[in-house]
Amino acid sequence: MPTDSEQEARDRLLLTVNSIPRGRVSSFGRIAEAAGFPRRARWVGRVLSQLPADTSIPWHRVLGHNGDITCPRNDIASDRLTKEGVAVHDRKVDMRKYVWPG
DNA sequence: GGTGTGACGAACA
DNA sequence: CTGTTCGCCACAC
């Protein structure tokens with residue numbers, strides 16, 4: 001069973017992911033720091049990987065720091081980002097143009 | 001309880 | 001630009 005503090009940590013993390021505006025993206029490390037967990041990028045990736053398929057969390061807006069779509073469902077992520085107005089080229093995004101916080 | 005691994009990231013050659 | 005090395009941490013074996 002997850003600890004209360006662990007649950008709280010995940011909640012804070014997902015809250016931060018939820019705050020990424022439509023049409024913008026962020027990186028694992030940036031989200032981790034914004035949520036109050038510096039240097040926990042890998043943990044962020046792990047938590048997102050365990051989200052249910054029907055979640056409302058915009059996990060597709062979280063990319064690698066260089067703009068790479070690194071998730072296993074990169075097709076879905078690419079599709080959703082494109083529909084949000086984010087230009088995706090070769091499974092990559094121009095981080096400098098869409099990064100949040102800007 | 002050591003070891004390998006991963007939706008990471010930064011520094012460096 | 002690519003590849004290497006290291007730090008990081010949860011987890012499976």
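This one's a predicted model, so the numbers in the text were calculated from it and none came from an experiment. Chain identifiers are assigned alphabetically (A, B, ...) following the order of the sequence lines, protein sequences preceding nucleic acid strands; residue numbering begins at 1 within each chain.
Within a 6.0 Å radius of CD in A/Glu6, more than 12 heavy atoms belonging to other residues, nucleotides or ligands are found.
Applying the salt bridge (charged side-chain N to carboxylate O under 4.0 Å, His left out) test to A/Asp11 and every residue at least two apart in sequence or in another chain returns nothing. Contacts of A/Arg73 classified as side-chain hydrogen bond (donor to acceptor under 3.5 Å, both in side chains), with partners at least two apart in sequence or in another chain: none.
Note that the CD1 atom of A/Ile31 and the CZ atom of A/Phe37 stand 12.5 Å from one another [nearest 0.5 Å].
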Could you write nucleotides 8-13 of chain B as a row of B, S and -, 5' to 3', where a protein heavy atom under 4.0 Å of any base atom gives B, of only sugar-phosphate atoms gives S, and otherwise -? BSS---
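Taking atom C1' on both nucleotides, C/dA12 is separated from B/dG1 by 13 Å, rounded to a whole Å.
Between A/Arg22 and A/Pro58, the closest side-chain pair of non-hydrogen atoms is not below 4.5 Å. The shortest distance between side-chain heavy atoms of A/Ser26 and A/Val62 does not fall below 4.5 Å. A heavy-atom distance below 4.5 Å is found between the side chains of A/Ile69 and A/Leu81.
Along DNA chain C, the stretch of nucleotides lying under 4.0 Å from any heavy atom of chain A spans, 5' to 3', C/dG7 to C/dC11.
For residues 79-102 of chain A, proximity to DNA chain B is found at no residue, defined as any non-hydrogen atom under 4.0 angstrom from a strand atom.
Hydrophobic clustering places A/Leu63 together with A/Val86 (ILVMFWY residues linked when any side-chain heavy atoms are closer than 4.5 Å, directly or through intermediates).
Along DNA chain C, the nucleotide closest to A/Gln50 and the one closest to A/Arg39 are compared, and the more 5′ of them pairs with A/Arg39.
The residue A/Arg73 sits apart from the nucleic acid: no heavy atom pair falls under 4.0 Å.
Looking at A/Arg61 and A/Glu84, a side-chain N of the basic residue comes within less than 4.0 Å of a carboxylate O on the acidic one, giving a salt bridge.
Taking Ile, Leu, Val, Met, Phe, Trp and Tyr as members and joining any whose side-chain heavy atoms lie under 4.5 Å apart, directly or through other members, A/Leu15 forms no hydrophobic cluster with any other residue.
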